[in-house]
*Asks:* 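Let me begin by handing over the structure; questions about it come next.
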Amino acid sequence: MEANTRSTGRLPAAFLTPGSSSFMDFLSDHSPEILPGNRSLPLQGAVEAPHGTTIVAASFPGGVVLAGDRRATMGNMIAQRDIEKVFPADEYSAVGIAGTAGLAVEMVKLFQLELEHFEKVEGATLSLEGKANRLSTMIRSNLAMAMQGLAVVPLFAGFDVDREKGRIFSYDVTGGRSEEHGYAATGSGSVFARGSMKKLYRADLTEEQTLTLVVQALYDAADDDSATGGPDVARRIYPIVTVITDEGFRRLNDTESSEIARAILERRLEQPDGPRAALL
């Protein structure tokens with residue numbers, strides 16, 4: 001195939017007229033070896049690789065917020081202090097990654113291509129439900145790698161233009177998908193982040209309050225989970241925070257995210273354990 005392509009200077013016809021709207025199916029037919037789940041691994045011993053940690057999401061009337069801390073770990077070591085874990089999937093959705101960092105980023109890029117490929121072939125965008133299902137299929141295809149310690153467990157969020165509201169989907173390593181209502185978290189610090197949001201979340205929060213909520217949750221996760229990184233004022237490293245509404249995906253710039261983080265840090269000087277929820 002390669003020799004024929006070089007001699008003619010043209011791509012094979014199959015590459016120009018794909019029979020499926022799924023980019024993953026197309027790769028499976030023509031180049032299955034480059035799919036993440038088809039990589040060969042050593043037969044013995046676990047593979048040590050950097051891991052991304054905590055991702056949180058919360059919905060509000062009119063949209064959804066997806067955010068992540070910036071730390072990647074490798075065993076008990078900090079592998080990277082400023083890793084990016086939240087990416088746009090398309091105009092109205094985003095993915096936050098937890099698990100094996102390299103595989104997770106590769107899966108996100110493949111997911112972005114999957115959605116773009118579908119739109120070009122079909123002339124229409126997938127529904128948010130359809131996007132969530134496609135991501136589930138990708139995670140399931142990585143099951144063999146996950147069983148060897150290279151798991152990818154993302155959090156998917158977006159604005160459903162049909163239902164006119166933000167929605168959140170969580171996954172397990174087998175590709176099992178669950179829709180979360182209100183808020184969700186994944187990664188090593190997810191237990192602490194979820195507990196924080198459980199006490200502070202309300203369905204009537206404004207966008208600004210929801211932004212503060214997710215950063216509070218990441219702070220609480222970093223307070224109890226060594227693999228989650230809190231705001232690093234000295235290095236000017238702050239959580240990545242994104243908002244998805246009917247106007248599309250928007251990532252807060254460094255100034256916006258630092259203002260939220262610094263305001264929380266100042267309040268924590270007075271209340272180290274964070275804000276208190278009412279007993280009744």
Side-chain angles (χ1 to χ4, degrees), residues 1-2 14-15 18-55 57 68 71-77 79-80 83-87 89-90 93-118 126 129-157 168-180 184-191 225 227-228:
M1 180 180 293
E2 289 184 9
F15 282 69
S20 172
S21 60
S22 170
F23 187 69
M24 276 196 67
D25 291 345
F26 180 70
L27 283 182
S28 297
D29 292 338
H30 298 284
S31 298
E33 71 282 356
I34 69 175
L35 289 171
N38 292 337
R39 305 282 171 79
S40 59
L41 290 175
L43 296 178
Q44 295 181 348
V47 178
E48 189 75 20
H51 279 66
T53 48
T54 310
I55 303 294
R71 178 174 292 178
T73 59
M74 192 160 58
N76 65 327
M77 303 291 291
Q80 189 174 344
I83 188 173
E84 298 198 7
K85 305 177 187 177
V86 181
F87 305 89
D90 64 1
S93 61
V95 184
I97 57 171
T100 307
L103 278 177
V105 171
E106 191 171 356
M107 185 177 293
V108 168
K109 291 179 178 178
L110 184 58
F111 184 51
Q112 292 169 335
L113 285 172
E114 175 82 356
L115 300 184
E116 184 178 350
H117 179 82
F118 179 91
L126 267 172
E129 195 90 19
K131 296 171 191 176
N133 289 337
R134 292 290 175 103
L135 184 55
S136 179
T137 301
M138 287 187 178
I139 298 167
R140 190 175 301 115
S141 70
N142 190 59
L143 184 57
M145 304 283 269
M147 293 298 101
Q148 299 188 62
L150 301 178
V152 176
V153 188
L155 203 59
F156 177 64
I168 305 166
F169 298 89
S170 63
Y171 300 85
D172 59 34
V173 293
T174 67
R177 191 206 77 178
S178 301
E179 181 168 3
E180 305 286 348
T186 190
S188 64
S190 61
V191 173
D225 173 44
T228 303

*Asks:* Is there a donor-acceptor pair closer than 3.5 Å between any side-chain N or O of S136 and the backbone N or O of G175?
*Replies:*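 Yes, the answer is positive, given that a donor and an acceptor are paired below the 3.5 Å cut-off.
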*Asks:* Would you say the side-chain atoms of T137 pair up with the backbone N or O of N133, donor to acceptor, closer than 3.5 Å?
*Replies:*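 Pair found, side chain donor or acceptor close to backbone of N133.
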*Asks:* Just how far is it from atom CG of L110 to atom CE of M138, taken to the nearest 0.5 Å?
*Replies:*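 With rounding to 0.5 Å, CG (L110) is 4.0 Å from CE (M138).
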*Asks:* To the nearest 0.5 Å, tell me how far T100 OG1 sits from M107 CE.
*Replies:*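 The CE atom of M107 is 9.5 Å from OG1 of T100, to the nearest 0.5 Å.
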*Asks:* To check you understand the geometry: which heavy-atom pair defines the closest contact between V95 and P154, and what is its length?
*Replies:*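 Scanning both residues, the minimum pair turns out to be CG1-CB, 3.7 Å.
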*Asks:* Measuring from atom CZ of R140 to atom CG of D172, what distance do you get when rounded to the nearest 0.5 angstrom?
*Replies:*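 It is 9.0 Å, given to the nearest 0.5 Å.
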*Asks:* With a 3.5 Å cut-off and no angle check, do the side chains of D90 and S93 form a donor-acceptor pair?
*Replies:*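 Note: D90 and S93 side chains meet the donor-acceptor criterion.
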*Asks:* Yes or no on side chain to side chain contact (heavy atoms under 4.5 Å, CB included) for V86 and I55, after CA distance, side-chain angles and deciding distance?
*Replies:* CA-CA 8 Å; V86 181; I55 303 294; 4.3 Å; yes
*Asks:* Looking at F169, F111, F118, which hits side-chain contact (heavy atoms from CB on, under 4.5 Å) with K131?
*Replies:*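 Exactly one candidate clears the test, F111.
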*Asks:* Side chains of T54 and K85 only: does a donor on one sit below 3.5 Å from an acceptor on the other?
*Replies:*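 No, no side-chain donor-acceptor contact under 3.5 Å.
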*Asks:* Can any side-chain N or O of N142 pair as donor or acceptor with the backbone N or O of L150 at less than 3.5 Å?
*Replies:*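 Such a contact is found between N142 side chain and L150 backbone.
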*Asks:* Please report the closest heavy-atom contact between V173 and A151, naming both atoms and the distance.
*Replies:*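 Looks like CG1-CB, 3.7 Å.
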*Asks:* Which value, rounded to the nearest 0.5 Å, describes the distance between E114 atom CD and L135 atom CG?
*Replies:*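 Between atom CD of E114 and atom CG of L135 there are 10.0 Å.
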*Asks:* Looking at G187 and A98, what are the two nearest heavy atoms and their distance?
*Replies:*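 Scanning both residues completely, I find the closest heavy atoms to be CA-CB, 3.9 Å.
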*Asks:* How many angstroms lie between atom CG of L103 and atom CD1 of I97, to the nearest 0.5 angstrom?
*Replies:*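 Here the interatomic distance stands at 10.0 Å.
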*Asks:* Does D225 form a side chain to side chain contact (heavy atoms under 4.5 Å, CB included) with S188? I'd like the steps, not just the answer.
*Replies:* CA-CA 7 Å; D225 173 44; S188 64; 2.7 Å; yes
*Asks:* How many angstroms lie between CZ in F156 and CD in E179, if you round to the nearest 0.5 Å?
*Replies:*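 Going from CZ on F156 over to CD on E179, the span is 11.0 Å.
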*Asks:* Is the backbone of A132 close enough, under 3.5 Å, to the side chain of Y171 for a donor and an acceptor to pair up by distance?
*Replies:*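 Yes.
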